[in-house]
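Have a look at the structure below before the remarks.
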Amino acid sequence: METAAPANGYRTTRQLEKAKELPQASDALPQYGGHGYVPGSRQEEGFVDRISHLVLGVGSLDRSEHFYNDVMGMDIVGRGLMAEQRPHAVLRMNTGCMLVLVEDKNVVPRRLGTNAVHHAFTMTPNQYRRLLEKVKEHEIDVWVDRAQYLAEGEFNVNFRDPDDHALEVCCDAPEASEVILPNVGTIDCGPADSFKVGDVKLFKEADVFLVRVKEGFLAMSRWCTHMNGRIIWNREHWRFQCPYHHATFDRCGNATGGQPDIDALRLYPVNFSPEGHALVDTSQVIHRACFEPQQASKPPKVAVTA
Amino acid sequence: MANIEGLNHTGRSVPDVRTGEQFYVDVLGAHHCNTISSATEDVRAGRGAPHPCNTVAGYLFVLFPHQDDIPLPESPRGEDGSRIGFSVSRQRFDDVVARARDLELPFEGPVQHPEHGPFGESLYFTDPGGNFMEVCWRRDEEVAYNPLVSKK
């Protein structure tokens, strides 16, 4: 199948390689909407009730109907079903969302002066795996625009349809919301008295942040509770931040913005060796909605010698 | 069953992302999610810009600035490009038309669709960037389709 897509010459190797990655086989329905947002997680009252359909101008109805049916996997509903004078076809997806293709000899796939106009679709892992087989079969150029900002279990692929409309397909596999264990047992984080109140230290081997708060020590999992992105400590803003979907957390792990209605960062138990070292047990995960003072492990009192 | 679940999000361009976002909030009742300014490869290469994300009825719109002055379309029905359609219940449709009049939102319609199709009636309008939009009621509103997202 021919596409009007440009050559991939300006894409980075990472953007091209990432487009080959596959989720594990699964028919699990998506748990996230666009950019990791979870529809319905906040009050949605307004002018309209729900997304219904997308209308695209296409140069050839036959060619595009075949593309969206065969490659994109949509069901064909029929033709001539709208109050539209031009030839048009209606296709349906499993959530009831429709795609309407309208034949037009002067298609404008992307507005002048911007390359940002794009249309994104949702697939299950198995649907996504099938899609990648189809684009390979049809030799369609694919890449991932946000290659460095995909969480674990999150899959995106970008390509163009036969009229050069910019498309994106998104898939969140079950592993995007599973608890990831570091499997490194207990780690020795060094002398507890070397941490001052306010200190945040990353232990990369375990994806753990050890934080000294005034109540004691918190060992926090680095995996975001929204979707499995690795958070970073933003020293200048005193916040943990997920670069993938922009959730932020305070020093105690409480969610502070970016994504609504998410839990505090998960904890691992902190114990102390007889020598006063902080030991983080990464085999047990403690889930919590928000920080409470008793979650912090109090360091042993330092013996005062005369 | 199809091999695709549904629509995920839409990227659109507007002359000014601030006034564009205000339209989505004031007229469509959108919620601001976040403003993405990640240093992606595209941003670093000058092919992107920070962009606000807003949800309308749970559906995400990502707004990008125009890179040039772009003439606005003459018709709100999207006769030269793409159009995003939202639905309301048949019961609410007349209220939406009245609300559009109250807001002095320029629109076309309501337009009746053929009875043998899935759509009932539609009205058409544009956002401040001239992006085409539609609100309709659907004859299949009682059909139990898959949810847009499943619960965790």
Side-chain angles (χ1 to χ4, degrees), chain A residues 12 15 29-35 37-40 42 44-57 72-75 77 81-83 92-98 106 108 111-124 127 130 145-146 148-149 170 177 243 246 258, chain B residues 1-13 27-29 31 33-34 36 38 40-42 47 53 55-60 64 66-68 70 78 80-89 96 99 111-114 116-119 135-136 138 140 143 145-150 152:
Chain A
T12 65
Q15 287 180 312
L29 294 176
Q31 295 194 333
Y32 302 87
H35 284 244
Y37 176 73
V38 183
R42 61 162 68 115
E44 298 282 3
E45 284 182 7
F47 196 67
V48 293
D49 292 346
R50 62 166 282 164
I51 186 69
S52 167
H53 58 280
L54 167 67
V55 181
L56 290 178
M72 295 293 283
M74 297 179 193
D75 286 339
V77 179
L81 302 178
M82 288 191 96
R92 185 172 50 219
M93 294 164 264
N94 290 337
T95 54
C97 290
M98 305 276 189
N106 302 302
V108 182
R111 305 285 302 281
L112 290 171
T114 179
N115 62 1
V117 176
H118 66 282
H119 311 286
F121 299 86
T122 303
M123 287 189 177
T124 67
Q127 291 164 356
R130 176 194 169 277
D145 275 335
R146 299 176 66 244
Q148 78 215 84
Y149 289 101
C170 308
S177 49
H246 311 283
Chain B
M1 291 288 276
N3 276 302
I4 182 169
E5 287 307 297
L7 293 164
N8 185 280
H9 68 273
T10 293
R12 312 197 111 177
S13 62
V27 176
L28 301 179
H31 293 275
C33 294
N34 49 47
I36 295 176
S38 311
T40 62
E41 280 102 337
D42 276 350
R47 296 193 296 267
C53 300
T55 56
V56 176
Y59 184 74
L60 191 77
F64 297 86
H66 286 332
Q67 293 170 1
D68 295 301
I70 298 175
D80 64 348
S82 62
R83 183 169 80 229
I84 280 288
F86 284 93
S87 61
V88 294
S89 66
V96 168
R99 172 93 174 124
V111 170
Q112 300 247 350
H113 295 288
H116 57 280
F119 304 100
V135 180
C136 67
R138 285 177 43 167
D140 61 352
V143 175
Y145 290 114
N146 280 356
L148 294 173
V149 293
S150 65
K152 280 191 190 178

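Chain A is the first sequence line, chain B the second, and so forth, proteins listed ahead of strands; every chain is numbered from 1. All heavy atoms count here, side chains included; hydrogens, waters and symmetry mates do not.
- Between the side chain of A:Arg50 and the backbone N or O of B:Leu148 there is no donor-acceptor pair closer than 3.5 Å.
- Here CD of B:Glu5 is found 6.5 Å from OG1 of A:Thr95. Values are rounded to the nearest 0.5 Å.
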(Q) Using the rule given for side chain to side chain donor-acceptor pair (under 3.5 Å), can you reason through A:Gln127 versus B:Asn3, listing the C-alpha separation, both sets of side-chain angles and the distance that settles it, and then say yes or no? (A) CA-CA 5 Å; A:Gln127 291 164 356; B:Asn3 276 302; 5.1 Å; no
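- In this structure, the ring pair (Phe, Tyr, Trp, His ring centres under 6.0 Å) partners of B:His9, at least two apart in sequence or on a different chain, are A:His35, A:His118.
- Remark: B:Asn146 CG to A:Thr124 OG1 distance equals 9.5 Å, nearest 0.5 Å.
- Between chain A and the options B:Gln112, B:Arg12, B:Arg99, B:Met1, heavy-atom pairs under 4.5 Å are most frequent for B:Met1.
- Considering all non-hydrogen atoms of both residues, B:Ser150 and A:Leu29 come closest at OG-O, 3.5 Å.
- Applying the salt bridge (Lys or Arg N to Asp or Glu O under 4.0 Å) test to A:Asp75 and every residue at least two apart in sequence or in another chain returns nothing.
- The closest side-chain heavy-atom distance from A:His53 to B:Cys136 is below 4.5 Å.
- Here the side chains of A:Phe47 and B:Val96 are in contact, with some heavy-atom distance below 4.5 Å.
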Q.
Using the rule given for side chain to side chain contact (heavy atoms under 4.5 Å, CB included), can you reason through B:Leu7 versus A:His119, listing the C-alpha separation, both sets of side-chain angles and the distance that settles it, and then say yes or no?
A. CA-CA 8 Å; B:Leu7 293 164; A:His119 311 286; 5.8 Å; no
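- Here B:Ile4 is the residue among B:Ile4, B:Val143, B:Leu60 with the most heavy-atom pairs under 4.5 Å with chain A.
- In this structure, B:Ile84 and A:Ile51 have side chains that are in contact, with non-hydrogen atoms separated by less than 4.5 Å.
- A pairwise comparison of heavy atoms in B:Val149 and A:Gly33 identifies CG1-N, 3.8 Å as the closest pair.
- B:Ser82 places no side-chain N or O within 3.5 Å of a backbone atom of A:Val55 that could act as its donor or acceptor partner.
- Note that CG of B:Asp140 is 8.0 Å distant from OG of A:Ser52, once rounded to the nearest 0.5 Å.
- Counting heavy-atom pairs closer than 4.5 Å to chain A, the top residue among B:Pro147, B:Ser87, B:Ser89 is B:Ser87.
- Taking every heavy atom of both residues into account, B:Pro114 and A:Ala83 meet most closely at CD-N, 3.6 Å.
- Between B:His113 and A:Met82, the closest side-chain pair of non-hydrogen atoms falls below 4.5 Å.
- Pairing each heavy atom of B:Ala2 with each of A:Gly73, the nearest pair is CB-O, 3.2 Å.
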